[in-house]
Amino acid sequence: MVQVRVENVRKTYGKVEALKGVSLNFKSGDLTAILGPSGCGKTTLLRSIAGFIEVDAGRIFFESEEVTSLPPQRRGTAMVFQNYALWPHMTVFENVAYGLRLQKVPATEIRRRVQKVLALVEIGNLADVESRKPSALSGGQQQRVALARALVVEPKVLLMDEPLSNLDAKVRQRLRAELRRLQKQVGITAIYVTHDQEEALALADTVVLMDQGTIVQTGTPQEIYLKPSTAFAAEFLGVSNQLEGKVTDGTLVVAGQSIPYAGPVRGKATVIFRASDIQMEEPSATPRAGTVALNGILEESLFLGAHYRHYIRVGDVVVMADSPDLRPAGPVRLVLPAEKVQVYG
């Protein structure tokens, strides 16, 4: 197991700063998810660690060894790509064995390791799987083969660039759990890039949230989700509502309505709360201690399977609220626990 350390890494494409002095420690044996919107720099960071991209400044270490100037083949990493990147003219066995043959591993050892890793990714018992071409496999099976090809060379660090994004939802959820199991079973240091916040929270020991080439927040999935450090983090993680307001003399004015506020923010404020934290009540309901309330008009409700998502107009803004029950359109009061309302300057 290898600790990866990135120190003040910078990368520029023309006038665009893809990485703005990024510094991170990736813990040995952990799965770290790099999360963020498109264009935030997460794939550039991953490819810099792999050696596919030459950085403009900064240093990259695997344990105490600096690998900044080493080519990819000398870093001891393996990459799993979004599009599988399997050789279409090769069989499953040939695809998985490819890296071992480049290393001139003896044929008997190649067969043993290929069969072992195919069993590890739970595809080895598929009839004639070793002799099949990738076109004869489903998307989920192809991704298992791609993962086996990466693991069979026993890399120091496993790098994954949105490896499940091309799969349908059901297969993606199943492979998520298996990736987590597999990474812990092998005990390898893994870095996983995704724009899917649910995927990052489900898979990772540590989540790194990026935006515009910088690190916004780093922490456990629970810390990132429950205690976002910025308005961007709060809005990106979860189905959230964002309203603009103003704090004056212990009162937060938002959407033309006033609610008590005793926090540190003064002046202009961004108010964020999650759809899942809202309870909907009749407008005449008596406010309860420890809650805040906003009045609105329920305009539309959509059935999403496990719950309904309601769209409520509060002033000039439409707010989302989730509940298990369908409610009629019309006036409604949105009630939230006070500690669930996050206010940022």
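In this chain, residues are counted from 1 in sequence order.
Summarising the local packing, CZ of Arg101 is surrounded by more than 12 heavy atoms from other residues, nucleotides or ligands at distances under 6.0 Å. Open room surrounds NZ on Lys246; 12 or fewer heavy atoms of other groups in view lie less than 6.0 Å from it. Residue Lys340 qualifies as open at atom NZ: its count of foreign heavy atoms under 6.0 Å is 12 or below. Atom CD of Gln115 has more than 12 neighbouring heavy atoms from other residues, nucleotides or ligands inside a 6.0 Å radius. Shown here is Asp168, whose CG atom has more than 12 heavy atoms of other residues, nucleotides or ligands within 6.0 Å. Counting non-hydrogen atoms of other residues, nucleotides and ligands closer than 6.0 Å to CD of Glu54 gives a total of 12 or fewer.
Residues Thr44 and Tyr13 are in side-chain contact: their nearest non-hydrogen atoms beyond the backbone lie under 4.5 Å apart. Here the side chains of Gln257 and Asn295 are in contact, with some heavy-atom distance below 4.5 Å. You'll find the side chain of Lys156 stays beyond 4.5 Å of the side chain of Glu63, heavy atoms only. For the pair Val335/Ile278, no side-chain contact is recorded, criterion being any heavy-atom separation below 4.5 Å from C-beta on.
Pairing each heavy atom of Leu334 with each of Met280, the nearest pair is CD2-CG, 3.7 Å. Across all non-hydrogen atoms, the minimal contact from Arg59 to Val9 is O-CG2, 3.8 Å. Pairing each heavy atom of Val265 with each of Val247, the nearest pair is O-CG1, 3.3 Å. Residues Ala200 and Val207 come closest through the heavy atom pair O-CG2, 3.9 Å. Here the closest non-hydrogen pair linking Thr68 and Glu66 is OG1-OE2, 3.0 Å. Shown here for Met1 and Gly187, the closest heavy-atom pair between the two residues is CG-O, 2.7 Å.
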Give the C-alpha distance, both sets of side-chain angles, the deciding distance and a yes or no for side-chain contact (heavy atoms from CB on, under 4.5 Å) between Phe62 and Arg75.
CA-CA 8 Å; Phe62 288 2; Arg75 296 195 184 194; 4.0 Å; yes
Kindly determine whether Val319 and Phe273 satisfy side-chain contact (heavy atoms from CB on, under 4.5 Å), including the steps that lead there.
CA-CA 10 Å; Val319 168; Phe273 48 89; 3.8 Å; yes
Assess whether side-chain contact (heavy atoms from CB on, under 4.5 Å) is satisfied between Val121 and Leu182, documenting all intermediate values.
CA-CA 7 Å; Val121 299; Leu182 190 61; 3.8 Å; yes
Report the C-alpha distance between Arg111 and Thr108 in whole Å, list the side-chain angles of each, state the deciding distance to 0.1 Å, and finish with yes or no for side-chain contact (heavy atoms from CB on, under 4.5 Å).
CA-CA 5 Å; Arg111 175 156 294 279; Thr108 53; 6.0 Å; no
Between Arg144 and Glu178, does the salt bridge (charged side-chain N to carboxylate O under 4.0 Å, His left out) criterion hold? Intermediate values first, please.
CA-CA 10 Å; Arg144 290 172 192 267; Glu178 292 186 11; 2.5 Å; yes
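For the atom pair CG (Leu151) and CD (Gln185), the distance works out to 10.0 Å, reported to the nearest 0.5 Å. Atom-to-atom distance recorded for Thr43:OG1 and Leu159:CG is 11.5 Å, nearest 0.5 angstrom. For the atom pair CG of Leu179 and CD of Glu199, the computed distance is 8.5 Å after rounding to the nearest 0.5 Å. With rounding to the nearest 0.5 angstrom, the OG1 atom of Thr218 is 9.5 Å from the CE atom of Met210. Interatomic distance, CG of Asp277 versus CD of Gln342, reported as 8.5 Å (0.5 Å rounding). If you take CG on Leu100 and CZ on Arg112, they are separated by 10.0 Å, rounding to the nearest 0.5 Å.
With respect to the salt-bridge test (charged N to carboxylate O, under 4.0 angstrom), the residues Glu235 and Arg274 do not qualify. The existence of a salt bridge linking Arg176 and Glu198 is confirmed by a sub-4.0 Å separation between a basic side-chain nitrogen and an acidic carboxylate oxygen. Between Arg180 and Asp205 there is a salt bridge, with a side-chain nitrogen of the basic residue lying less than 4.0 Å from a carboxylate oxygen of the acidic one. Salt bridge status for Arg10 with Asp56: absent, with no side-chain N to carboxylate O gap under 4.0 Å. Ion pairing between a basic and an acidic side chain is recognised when a charged N comes within 4.0 Å of a carboxylate O; Arg327 and Glu282 show such pairing. No salt bridge links Glu65 with Arg74; every basic N to acidic carboxylate O contact stays at or beyond 4.0 Å. Under 4.0 Å is where a charged nitrogen must lie from a carboxylate oxygen, and between Glu94 and Arg149 no such pair does. With salt bridges taken as basic N to acidic carboxylate O contacts below 4.0 Å, none links Arg333 and Glu281.
Note: His310 and Tyr308 have parallel aromatic rings, judged against thresholds of 30 and 60 degrees for the angle between ring planes.
Side chain of Asp30 to main chain of Thr32: no donor-acceptor pair is present (N/O by atom type, distance under 3.5 Å, no hydrogens or angles). Using modelled atom types, one side-chain atom of Arg172 and one backbone atom of Leu167 make a donor-acceptor pair closer than 3.5 Å. Of the possible donor and acceptor atoms, none in the side chain of Thr12 sits under 3.5 Å from a partner among the backbone N and O of Gly14. Looking at Lys42, its side chain does come within 3.5 Å of a backbone N or O of Gly36 through a donor-acceptor pair. Of the possible donor and acceptor atoms, none in the side chain of Glu7 sits under 3.5 Å from a partner among the backbone N and O of Gly58. Counting only distance, with no hydrogens or angles, the side chain of Gln143 and the backbone of Pro163 share a donor-acceptor pair below 3.5 Å. Side-chain atoms of Asn95 come within 3.5 Å of backbone atoms of Met90 as a donor-acceptor pair (strictly under, hydrogens ignored). With hydrogens and angles disregarded, a donor-acceptor distance shorter than 3.5 Å links the side chain of Ser23 to the backbone of Asn8. With hydrogens and angles disregarded, a donor-acceptor distance shorter than 3.5 Å links the side chain of Gln183 to the backbone of Ile188. Not one N or O on the side chain of Thr270 forms a donor-acceptor pair closer than 3.5 Å with the backbone of Ala231.
A chain of hydrophobic side-chain contacts below 4.5 Å, direct or via other Ile, Leu, Val, Met, Phe, Trp or Tyr residues, connects Leu31 to Leu120. The cluster map of Ile, Leu, Val, Met, Phe, Trp and Tyr, joined by side-chain heavy atoms under 4.5 Å apart, puts Leu237 and Val193 in different clusters. The hydrophobic clustering, which links ILVMFWY residues whose side-chain heavy atoms are closer than 4.5 Å, places Leu294 and Ile312 together. The cluster map of Ile, Leu, Val, Met, Phe, Trp and Tyr, joined by side-chain heavy atoms under 4.5 Å apart, puts Phe236 and Leu203 in different clusters. No path of Ile, Leu, Val, Met, Phe, Trp and Tyr side chains, each step under 4.5 Å between heavy atoms, connects Tyr192 with Val157, placing them in separate hydrophobic clusters.
Under the 6.0 Å distance and 45° angle rule, Arg47 does not count as a cation-pi partner of Phe52. Relative to the six-membered ring of Tyr225, Lys227 misses at least one condition, a distance below 6.0 Å or an angle of at most 45° to the axis. Within the cation-pi definition used here (under 6.0 Å to the ring centroid, within 45° of the axis), Arg132 does not qualify as a partner of Phe93.
Of the N and O atoms on the side chains of Glu162 and Thr194, not one donor lies less than 3.5 Å from an acceptor on the other residue.
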